[in-house]
2 protein chains.
Amino acid sequence: MVFISLHLQSNAKVVVEVLDAYEGRAIDASAKFCREDVNPATGPIFVCGAMPGDVLAIRICAIHPAGIGYAGIGAGALSGRISERLIQQFEIGDAIHFSRGITLIPQPMIGVIGVAPCAGRLSTMDAGAHGGNMDCNLARAGATVYLPVFVEGGLLAIGDVHALMGDGEVGGQGIEVTAEVELEIGIIKNWSLKRPMIETDDVWATVAAGDDFESAVWMAVHDMVDFLTSQLNITDGEALLLISLTGDVRVCQIVTSTPTARVEFPERLLSNG
Amino acid sequence: MVFISLHLQSNAKVVVEVLDAYEGRAIDASAKFCREDVNPATGPIFVCGAMPGDVLAIRICAIHPAGIGYAGIGAGALSGRISERLIQQFEIGDAIHFSRGITLIPQPMIGVIGVAPCAGRLSTMDAGAHGGNMDCNLARAGATVYLPVFVEGGLLAIGDVHALMGDGEVGGQGIEVTAEVELEIGIIKNWSLKRPMIETDDVWATVAAGDDFESAVWMAVHDMVDFLTSQLNITDGEALLLISLTGDVRVCQIVTSTPTARVEFPERLLSNG
C-alpha cells in the first residue's frame, strides 16, 4: 500500500508514481495474494478548495509505463476450460512482442482512479460512484476524468496502470506496469455529478459500476440522459432516443464483482447542439 | 411476414428487398403489435450446395435505405423514468436531421440475418446460434457475416435494417427503414462454426446471444478462443490472454430477452500472426 498525503492547489500539475497492481510480485507464480494486496493506489491527494458537491477534473497529460510489465490469466477465467496458470513478462517499448510474430501496440491507461467516499473504507478492487477500479481504457493520455467530490479535498488516489487492456479484461489482467502519470487537477463548481464521466477528443462517456453488468449499463444510460438533457436542452425521451441511435454502450471490465459499463456519446454532436 | 423461396448458386449475387421492423406501421402511435408482427424477414433463400456443417459467407455489398425512416423509444425503456411515447420520422439522406441542429450520419446495418434451425420455429425477435436478431452494427456494407448451416440450403432470411443504431439500442429501436440489400453468398466447407462471426476491414468478431448479457459475453469469448487458437497456433490460455489485452468485448443490443454481445479482435494481428 502506498500512502502519501499531498496538498495541491487547483489547476496544479503533479507527477504521480504508481505501483503495478501486484507490486511486482505477480510474476512469481507461487505468490499468494489476498484482496487487500491488489491494486495499491498512490494517494491521497488533497486538492485545496475541493468541497463536497464539487467535481474534480483530472486531465491525464501523460502516462509513462516502466520498461517491463507482465500479464497473466486469473484462476477461474473461462471457468472449466483453462487450467494453466499463465504469466508472461513483456518489454514495453514502442511495440510489445507477444509471441510468434504477434506485435501489440501499447496504449497506456489508468485502471484505478478514485476519490474518498463520505465515510468508511472502499477496496481498490471495487468501482462505484467514487470511481475506483473502473478499468476503463478511455482513461488514457489526453482524456479528462471527472469525479464527484464527497469529502473536503477530494482525496484522490491512482493506481493499476496497464500498458494495454482490451474492453472487458476477460482474462482478469491487462499488462500490469509501474508508471509515472502526469496529471493536471482542477475543480468544477456547480456541476452535480452522481458518478464518473470521462471526456476524450472523440467522446463523452458516463461510467457506472453495478452488482451485475446490466445494472451498470442502466445507471450509465440514466447518467447520459441527465448529461444530454442539460447540454442539448432536449427532453429525457429525446435524449434516450439519441443515445439509442448514436451512443454506444461499451464494456469496461466484466471480471470483478462490480463490473463497469460506459455509454459513449460523440463529442461532435455536443459541439453543434 | 414476407415469404419467398429463392434458390441461389453459391457465390451468386442477389438483391433483397427488406421491410422495416414494423412494416411501416410503427409511426402510428396508436398501433398495437404482437411479437409475431415485429421484424419481418425476407426469405428463405436456399443456397444450392449448402449442407449442415458448412458455413454461409454472406458478403454485404451495399445497403440502400429508403428515403424515410422512423425511430421511437419503447414503453418500459429506462423504466420508471420516461413515460412519453415518442416516435419521430427521419428523412434519410447523406445526413439525418434529429432536432435543434443535431445532425446524424447514416450508417446502415442489418438487424436480423439468420438461417433456419435444425427443427422447429424461431422468432425473428430472438438471436442465437442461427444468427437472427443480433442487432450487431458491424453487419454493414463491406462486412461478411458467417453463419453455421443447420439444414440443407441454409434457408437464409434478412430483415430489420437500421439507417443508424448505437451499440446497445437502449431505447429499443434504431432508425427503422425499408431497404434494398445487395449480397454475395458463398459456402465454406470444413469450417466448424458454433455461432455467427463477422469480418470487417478492421476486426474479426464472434457474436453470441444469451439469457443475459454476461452469458452472451462468455460464449463469445469461448468462440474467439477457438478462432484464435486455430488461426495463430497458440494455446487456449494464450488466446484468452491475447483477448484480454487487445480484444474488445462489445455490446450489440441489451434490450431484448436474448441480449447479444460480441468480441472484436484486430484484423491486423491475424494477418501478421
Side-chain angles (χ1 to χ4, degrees), chain A residues 71-73 77-79 81-86 88 96 98-105 162 164-175 212-214 217-218 221-222 225 232-238 240-251 254 259 261 263-264 269 272-273, chain B residues 71-73 77-79 81-86 88 96 98-105 162 164-175 212-214 217-218 221-222 225 232-238 240-251 254 259 261 263-264 269 272-273:
Chain A
I73 47 176
L78 225 58
S79 61
R81 175 163 182 176
I82 297 175
S83 55
E84 60 184 304
R85 177 86 177 98
L86 176 67
Q88 198 169 327
I96 300 169
F98 183 79
S99 77
R100 291 178 179 73
I102 303 169
T103 300
L104 313 179
I105 308 301
H162 304 128
L164 184 64
M165 190 202 95
D167 279 334
E169 202 187 21
V170 291
Q173 294 186 0
I175 295 183
D212 56 35
F213 183 77
E214 279 153 314
V217 166
W218 293 107
V221 172
H222 271 278
V225 169
L232 296 173
N233 190 28
I234 56 182
T235 66
D236 283 1
E238 287 174 313
L240 180 62
L241 179 56
L242 197 51
I243 298 166
S244 196
L245 299 184
T246 197
D248 287 318
V249 176
R250 289 274 154 89
V251 179
I254 199 161
V263 176
E264 294 183 0
L269 291 182
N272 74 355
Chain B
I73 47 176
L78 225 58
S79 61
R81 176 162 181 176
I82 296 175
S83 55
E84 60 183 305
R85 177 87 177 98
L86 176 67
Q88 198 169 327
I96 300 168
F98 183 80
S99 77
R100 292 179 179 72
I102 303 169
T103 300
L104 313 179
I105 307 300
H162 304 129
L164 185 63
M165 190 201 95
D167 278 334
E169 201 187 20
V170 291
Q173 294 185 1
I175 295 183
D212 56 37
F213 183 77
E214 278 153 316
V217 165
W218 292 108
V221 172
H222 272 278
V225 168
L232 297 173
N233 189 30
I234 56 180
T235 66
D236 283 2
E238 287 174 314
L240 179 62
L241 179 55
L242 197 49
I243 298 167
S244 195
L245 299 184
T246 196
D248 286 318
V249 176
R250 290 273 154 90
V251 179
I254 199 159
V263 176
E264 294 184 359
L269 291 183
N272 74 355

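Here is how names work: the chains are called A, B, and so on, in the same order as the sequence lines, proteins then strands, and each is numbered from 1.
In terms of heavy-atom pairs under 4.5 Å with chain A, the best-connected choice from B/Arg81, B/Glu264, B/Glu214, B/Met165 is B/Arg81. Between chain A and the options B/Leu240, B/Leu164, B/Leu86, heavy-atom pairs under 4.5 Å are most frequent for B/Leu240. In terms of heavy-atom pairs under 4.5 Å with chain A, the best-connected choice from B/Gly172, B/Ala261, B/Gly247, B/Pro259 is B/Gly247. The choice from A/Gly72, A/Gly171, A/Ser83, A/Gly168 that makes the most heavy-atom pairs within less than 4.5 Å of chain B is A/Gly171.
Taking 4.5 Å as the limit, every side-chain heavy atom of B/Ile73 sits out of range of all side-chain heavy atoms of B/Leu78. The shortest distance between side-chain heavy atoms of B/Ile243 and B/Val249 does not fall below 4.5 Å. Side-chain contact between B/Leu269 and A/Leu104 is present, with at least one heavy-atom pair separated by less than 4.5 Å.
With a threshold of 4.5 angstrom between heavy atoms, B/Leu241 approaches chain A through its backbone and through its side chain. With a 4.5 Å cut-off on non-hydrogen atoms, B/Val170 touches chain A through its backbone and its side chain both. Interface remark: B/Ser99 contributes side-chain atoms only to the contact with chain A (heavy atom separation under 4.5 Å). In this structure, no portion of B/Val263 lies under 4.5 Å from any heavy atom of chain A. Interface remark: B/Ile96 contributes no atoms to any contact with chain A (heavy atom separation under 4.5 Å).
Note that the CG atom of A/Leu242 and the CD1 atom of A/Ile234 stand 5.0 Å from one another [nearest 0.5 Å].
The two residues A/Gly174 and B/Leu245 have their closest heavy-atom pair at C-CD2, 3.6 Å.
A/Phe213 meets the ring-ring contact (aromatic ring centres under 6.0 Å, His included) test with B/Phe213; sequence neighbours excluded. The salt bridge (charged side-chain N to carboxylate O under 4.0 Å, His left out) search around A/Glu238 returns B/Arg100, not counting sequence neighbours.
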